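We name chains A, B, ... by the order of the sequence lines, and we start the count at 1 in each one. Keep in mind the model is a prediction, meaning the values are calculated, not measured.
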Amino acid sequence: MATETALDKVISLAKRRGFVFQSGEIYGGSRSAWDYGPLGTELKENIKAEWWQTFVRGRGDMVGLDSAIILPSAVWEASGHVATFTDPLVECLQCHKRHREDHLIEAFEDKHGRTPADMSEVPCPDCGTKGKFTEPRAFSGLVKSYLGVLDDASGLHYLRPETAQGIFVNFNNVVTTARKKPPFGIGQIGKAFRNEITPGNFIFRTREFEQMEIEFFTHPEDAGQWFDHWVEACYSWFTDLGLNPDNLRKFDVPEEERAHYSAGTIDLEYRFGFQGSEWGELMGIANRTDYDLGSHTKASGAKLQYFDQGTGERYTPYVIEPSFGLTRSMMAFLVDSYTEDEAPNTKGGVDVRTVLKLHPKLAPIKAAVLPLSKKSELAEPSQKLAAELRKHWNVDYDDAGAIGRRYRRQDEIGTPFCITVDFDTLEDQAVTIRDRDEMTQERVSLDQVTSYLATRLI
RNA sequence: GGGGGUGUAGCUUAAUGGUAAAGCCCCAGCCUUCCAAGCUGGCUACGCGGGUUCGAUUCCCGUCACCCCCUCCA
């Protein structure tokens with residue numbers, strides 16, 4: 001229950017302070033997507049930058065890619081998405097529950113050992129009523145668009161439901177131009193689109209979302225060890241950025257629940273505290289085998305294979321795919337860092353203090369410059385300091401209201417350091433730097449502020 | 001798409017068949033030498049469209065949005 005309340009508070013804070021806005025709010029809003037406000041944009045960009053550094057630039061066996069959202073329809077036919085993302089659904093006229101028609105038929109076959117003559121024989125699994133179903137309707141998970149000026153089927157295209165396929169179809173291009181040989185991987189960050197039947201849970205499930213994906217190509221014999229490597233690397237990425245391991249777990253996805261391409265999947269789940277199921281999927285690491293390169297090779301005729309000069313072996317690499325939900329990760333970092341503690345007030349008591357204990361690398365604002373008074377003799381050195389710090393970081397400047405209130409405002413959005421310029425500054429050329437988590441203060445010479453922050457914002 | 005619920009300011013609430021109040025937040029000014037202080041002032045709302053009515057935020061109908069459940073998934 002406590003985490004559930006925390007989730008509500010985080011959502012409220014995110015809207016109130018400009019992390020996330022409802023998309024199209026002035027027209028009533030849409031839950032298909034969300035807009036990211038000034039602080040949310042910074043946080044999201046920081047997460048992307050950390051990911052890119054850790055998994056792409058920071059590794060010799062990885063390169064980056066930015067492929068198109070709109071690809072030829074043939075890509076999605078070859079990948080299996082057109083077939084498997086389209087499910088015929090029927091609705092029971094009695095209890096109005098919806099079911100996949102093929103699942104109902106399979107269940108009937110399992111029970112009776114024969115195929116039903118027609119749907120009139122098939123009972124509803126919920127209410128038991130036989131044969132009272134609507135006509136099957138196709139529910140496609142793919143978002144469609146029509147390209148070209150003729151608004152007809154000849155222009156039908158799909159927005160990508162995952163960034164992965166853009167990587168697979170560029171396999172040969174990257175191998176040749178980046179001169180990479182397995183084991184190596186390609187990373188990509190970008191938007192993807194899926195027609196979720198029911199979007200919801202804030203930014204957790206949306207129709208437009210952002211992924212950070214890696215397709216790691218390896219010799220089939222080494223796929224298992226690379227799979228294990230990536231599970232650990234992904235887990236560590238989250239915990240290194242401060243995510244509480246108690247709220248992060250690995251879930252071995254059973255075969256019947258895996259995606260059509262997967263021979264093995266481990267999901268990393270975070271304890272969001274949703275109603276119903278507490279845990280929500282942050283990302284998945286899947287062994288896609290040679291499914292994708294094989295499918296595209298067959299469909300396109302291009303040989304998406306690797307020829308090993310040393311052994312003389314030609315093979316289709318296996319793919320280990322760590323696929324992160326960027327917006328889900330952002331939500332997890334927000335929920336995980338949300339803290340309430342106590343802070344003294346001027347009346348001699350204590351108040352509840354809201355703090356986002358975000359890792360300094362993720363914090364949207366790294367430091368705030370707070371002149372103790374609005375008087376011009378303090379404003380001038382304060383502005384100068386802020387301008388200097390902005391050469392390196394996103395820095396806020398706030399001279400409105402009592403100093404305690406300004407500290408709270410920064411705590412609430414996770415700013416690691418507040419720098420107070422007071423009247424002594426004019427004499428000793430030093431400022432007070434306050435730590436977000438400990439609320440301790442330290443006097444630091446003006447010419448040392450940049451290096452002070454630099455050693456702590458890592 | 002079906003079932004259930006909810007719509008008054010950024011948030012939490014109030015009142016009313018005669019166009020709406022308060023607290024918090026926010027903004028401006030005063031004050032203020034380090035943890036949401038005080039004083040003065042200010043911005044901001046009846047989701048939308050019809051109907052009934054002299055008059056609708058209130059009653060009725062429709063619609064839209066959001067929440068929960070069914071389903072899907074990063």
Side-chain angles (χ1 to χ4, degrees), chain A residues 8 11-13 15-18 21-22 24-31 84-85 87 89-100 103 125-126 134 137 139-141 161-164 191-207 209-213 253 257 259 265 267-269 274-276 280-286 321-329 331 342-354 370-375 378 400-412 418 420-425 431-432 434 439-441:
Chain A
D8 291 338
I11 293 170
S12 171
L13 173 65
K15 292 177 181 174
R16 179 160 44 85
R17 292 306 307 270
F21 303 126
Q22 190 179 20
E25 191 180 9
I26 64 169
Y27 288 106
S30 161
R31 61 182 165 167
T84 62
F85 266 51
D87 303 320
L89 295 190
V90 295
E91 189 173 310
C92 173
L93 294 169
Q94 189 69 33
C95 68
H96 298 292
K97 295 278 169 59
R98 284 196 309 206
H99 304 280
R100 280 179 58 167
H103 285 180
D126 282 285
T134 59
R137 298 180 58 181
F139 273 81
S140 174
E162 59 173 18
T163 65
K191 294 216 170 185
F193 303 82
R194 294 183 190 179
N195 266 327
E196 299 294 342
I197 297 171
T198 309
N201 279 329
F202 194 42
I203 55 176
F204 184 77
R205 182 183 294 121
T206 51
R207 295 192 171 120
F209 60 102
E210 241 169 317
Q211 294 184 308
M212 305 183 290
E213 291 195 306
V253 182
E257 290 179 27
T265 300
D267 283 346
L268 294 190
E269 298 185 329
F274 296 132
Q275 288 192 351
E281 187 182 344
L282 268 187
M283 67 165 303
I285 300 109
E321 176 195 66
S323 174
F324 295 66
L326 167 58
T327 35
R328 286 183 177 184
S329 298
M331 186 168 162
E342 291 183 335
N345 62 29
T346 46
K347 288 169 286 194
V350 290
D351 290 321
V352 173
R353 180 179 78 128
T354 300
L370 313 174
L372 206 52
S373 158
K374 268 185 178 173
K375 288 188 166 49
L378 291 193
I403 187 69
R405 170 181 298 278
R406 284 180 267 165
Y407 285 151
R408 294 296 191 282
R409 279 198 280 249
Q410 297 299 333
D411 290 340
E412 196 175 56
C418 287
T420 309
V421 178
D422 57 26
F423 290 97
D424 290 342
T425 303
V431 292
T432 303
R434 169 195 181 265
M439 289 187 281
T440 50
Q441 301 186 334

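- Judged as a salt bridge (Lys or Arg N to Asp or Glu O under 4.0 Å), and not counting sequence neighbours, the contacts of A:Glu162 are A:Arg288.
- For the atom pair CE (A:Met439) and SG (A:Cys418), the distance works out to 11.5 Å, reported to the nearest 0.5 Å.
- If you measure from atom CD of A:Glu412 to atom P of B:C26, you get 9 Å, rounded to the nearest angstrom.
- Straight-line distance between the C1' atoms of B:C60 and B:C73: roughly 42 Å, to the nearest whole Å.
- For A:Ala400 and A:Thr440, each mapped to the nucleotide of RNA chain B holding its nearest heavy atom, the one lying further toward the 5' end belongs to A:Ala400.
- Cation-pi contact between A:Arg207 and A:Phe193: absent, since separation from the ring centre below 6.0 Å together with deviation from the ring axis within 45° is not met.
- Summarising the geometry, the separation between CZ on A:Arg16 and P on B:C11 is reported as 11 Å, rounded to the nearest angstrom.
- Among the nucleotides B:A36, B:A74, B:U33, the one closest to the side chain of A:Arg205 is B:A74.
- B:G62 and B:C24 have their C1' atoms separated by 37 Å, given to the nearest Å.
- Nearest nucleotide to the A:Tyr407 side chain, out of B:A28, B:C35, B:A74: B:C35.
- For A:Asp267 (side chain) and A:Glu269 (main-chain N/O), no donor-acceptor pair under 3.5 Å exists by modelled atom type.
- Where stacking is scored as ring centres under 5.5 Å apart with planes under 30°, A:Phe324 does not register as stacked on the base of B:A74.
- Note on A:Met283: only backbone sugar-phosphate atoms sit closer than 4.0 angstrom, heavy atoms only; bases stay farther off.
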TODO: Verify side chain to side chain contact (heavy atoms under 4.5 Å, CB included) between A:Glu412 and A:Arg16, making sure each step is shown before the conclusion.
DONE: CA-CA 11 Å; A:Glu412 196 175 56; A:Arg16 179 160 44 85; 3.0 Å; yes
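- The distance from atom CG of A:Leu282 to atom CZ of A:Phe324, rounded to the nearest 0.5 Å, is 9.5 Å.
- Across all strands shown, A:Leu282 has heavy atoms under 4.0 Å from sugar-phosphate atoms exclusively, and none from any base.
- Taking atom P on both nucleotides, B:G50 is separated from B:A56 by 12 Å, rounded to a whole Å.
- Between A:Gln410 and A:Arg434, the closest side-chain pair of non-hydrogen atoms is not below 4.5 Å.
- If you check distances only, the side chain of A:Gln441 does reach the base of B:C34 with a donor-acceptor pair under 3.5 Å.
- One interatomic measurement links the two molecules: CD1 of A:Ile11 to P of B:U12, which rounds to 13 Å at whole-angstrom precision.
- Heavy atoms of A:Arg409 sit under 4.0 angstrom from primed sugar atoms or phosphate atoms, though from no base atom.
- Going from atom CG of A:Leu370 over to atom C1' of B:A36 covers 14 Å, rounded to whole Å.
- One can place CG of A:Leu372 at 15 Å from P of B:C31, the figure rounded to the nearest angstrom.
- Taking atom NZ on A:Lys15 and atom C1' on B:C26, their separation rounds to 19 Å, with Å as the unit.
- In this structure, A:Thr206 and A:Ser12 both approach RNA chain B, and ranking their closest nucleotides by distance from the 5' end singles out A:Ser12.
- On a pure distance criterion of 3.5 Å, a polar donor-acceptor pair joins the side chain of A:Arg434 and the base of B:C35.
- A:Thr163 comes within contact range of no nucleotide atom at all, as no heavy-atom separation falls under 4.0 Å.
- Between A:Lys374 atom NZ and B:U33 atom P there is a gap of 15 Å when expressed in whole angstrom units.
- Nucleotides B:U53 and B:G47 are separated by 23 Å at their C1' atoms, to the nearest Å.
- Inter-residue side-chain proximity for A:Arg328 and A:Phe209 is flagged as unmet; no heavy-atom pair is nearer than 4.5 Å.
- Rounded to whole Å, the separation between the P atoms of B:G7 and B:C48 comes to 15 Å.
- With rounding to whole Å, A:Phe204 atom CZ is found 8 Å from B:A74 atom C1'.
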Task: Contact state string [nucleotides 37-42 of chain B, B base, S sugar-phosphate only, - no protein heavy atom under 4.0 Å] - done: B-----
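- The same atom, C1', is picked in B:G51 and in B:U58; the two are 15 Å apart, to the nearest Å.
- For B:C35, its base sits under 3.5 Å from the side chain of A:Arg408 at one donor and acceptor pair at least.
- When distances are taken from the side chain of A:Ala343 to each of B:C35, B:C34, B:U32, the shortest belongs to B:C35.
- For B:C34, its base sits under 3.5 Å from the side chain of A:Thr432 at one donor and acceptor pair at least.
- If you take CG on A:Asp422 and OG1 on A:Thr432, they are separated by 5.0 Å, rounding to the nearest 0.5 Å.
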Open item on the list: Could you spell out the base pairing of RNA chain B as a dot-bracket line? Use Watson-Crick and G-U wobble contacts where both distances are under 3.5 Å, [ ] for crossing pairs, | for partners on a different strand.
Closed with: (((((((..((((....[..)))).(((((.......)))))....(((((..]....))))))))))))....
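- Counting only distance, with no hydrogens or angles, the side chain of A:Arg406 and the backbone of A:Pro371 share a donor-acceptor pair below 3.5 Å.
- The closest side-chain heavy-atom distance from A:Met283 to A:Pro322 is below 4.5 Å.
- Between the side chain of A:Glu210 and the backbone N or O of A:Leu326, no donor-acceptor pair lies under 3.5 Å.
- Atom P of B:G5 sits at a distance of 45 Å from the matching atom of B:G41, rounded to the whole Å.
- Atom P of B:A65 sits at a distance of 23 Å from the matching atom of B:C59, rounded to the whole Å.
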